[in-house]
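These notes are about the structure you will find just below.
Positions are given from 1 along the sequence.
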Amino acid sequence: IKVNAKTGQIMPEKETTDHMSALEIAKRLEKAGYTNITKIEISDDRDKYEIKAYDKEGKKVKLEVDAKTGNISKDWF
């Protein structure tokens, strides 16, 4: 996510991508019950996001989300 340092305004992402944005992924995760998202990072080949968050039970989890479909897979720390 890019933010204008002077105004604090979130800058729109370029529309030329074929994958979901980090903001879309965060919204999807929150809808699925994940909280306290501390890291969202896209892989070098841009096919998946790696996320650190907490699940519904309050356990710290490491997630992988398919960048095109939004499918979530979960690993525990």
Side-chain angles (χ1 to χ4, degrees):
I1 297 175
K2 291 185 180 184
V3 178
N4 182 310
K6 292 181 181 179
T7 67
Q9 180 181 9
I10 295 175
M11 305 302 290
E13 291 192 31
K14 295 178 183 175
E15 298 296 324
T16 59
T17 61
D18 62 344
H19 63 274
M20 299 174 77
S21 70
L23 182 57
E24 290 170 314
I25 295 294
K27 287 179 181 180
R28 183 175 289 249
L29 291 171
E30 288 175 349
K31 224 179 222 187
Y34 295 98
T35 60
N36 298 325
I37 299 167
T38 59
K39 173 187 170 184
I40 298 180
E41 186 175 287
I42 196 160
S43 63
D44 290 337
D45 56 6
R46 306 182 73 75
D47 68 339
K48 66 184 174 189
Y49 282 95
E50 297 173 3
I51 294 108
K52 291 183 181 177
Y54 288 84
D55 67 10
K56 293 176 186 177
E57 292 81 35
K59 295 178 182 171
K60 195 173 186 179
V61 293
K62 183 177 179 182
L63 307 165
E64 284 190 0
V65 179
D66 186 289
K68 292 183 181 180
T69 67
N71 291 334
I72 302 167
S73 59
K74 177 165 91 172
D75 266 334
W76 287 265
F77 279 82

Sub-3.5 Å donor-acceptor pair from the side chain of Tyr49 to the main-chain atoms of Ala26, do we have one?
-> no

Side chain to side chain donor-acceptor pair (under 3.5 Å) filter on Ser43, not counting sequence neighbours, yields Asp45, Asp47

Taken in chain and number order and not counting sequence neighbours, the residues that satisfy side chain to side chain donor-acceptor pair (under 3.5 Å) with Asp44 are none

Which distance, rounded to the nearest 0.5 Å, do you find between the [atom1] of [X] and the [atom2] of [Y]?
{"X": "Asp55", "Y": "Thr35", "atom1": "CG", "atom2": "OG1", "answer": "8.0 Å"}
{"X": "Glu50", "Y": "Ile40", "atom1": "CD", "atom2": "CD1", "answer": "12.0 Å"}
{"X": "Arg28", "Y": "Asn71", "atom1": "CZ", "atom2": "CG", "answer": "7.5 Å"}
{"X": "Asp66", "Y": "His19", "atom1": "CG", "atom2": "NE2", "answer": "11.0 Å"}

Requested in this report: Spell out, yes or no, whether Ile37 and Ile42 are grouped together once hydrophobic residues are joined by side-chain heavy atoms under 4.5 Å, including indirect joins.
Outcome: yes

Look at the side-chain heavy atoms of Ile, Leu, Val, Met, Phe, Trp and Tyr, link any pair under 4.5 Å apart, and say whether Leu29 and Val61 land in one connected group.
yes

So with a 6.0 Å cut-off around NZ of Lys68, is the heavy-atom count from everything else above 12?
no

Note: Ala67 and Arg46 closest approach over all heavy atoms is CB-O, 3.7 Å

Nearest heavy-atom approach of Ala53 to Leu63 is CB-CD1, 4.5 Å

Sorted by chain and residue number, the side chain to side chain contact (heavy atoms under 4.5 Å, CB included) partners of Ile10 (sequence neighbours excluded) come out as Ile1, Val3

**Prompt:** Can you list the steps and then say if Tyr34 with Ile72 is a side chain to side chain contact (heavy atoms under 4.5 Å, CB included)?
**Reply:** CA-CA 11 Å; Tyr34 295 98; Ile72 302 167; 4.2 Å; yes

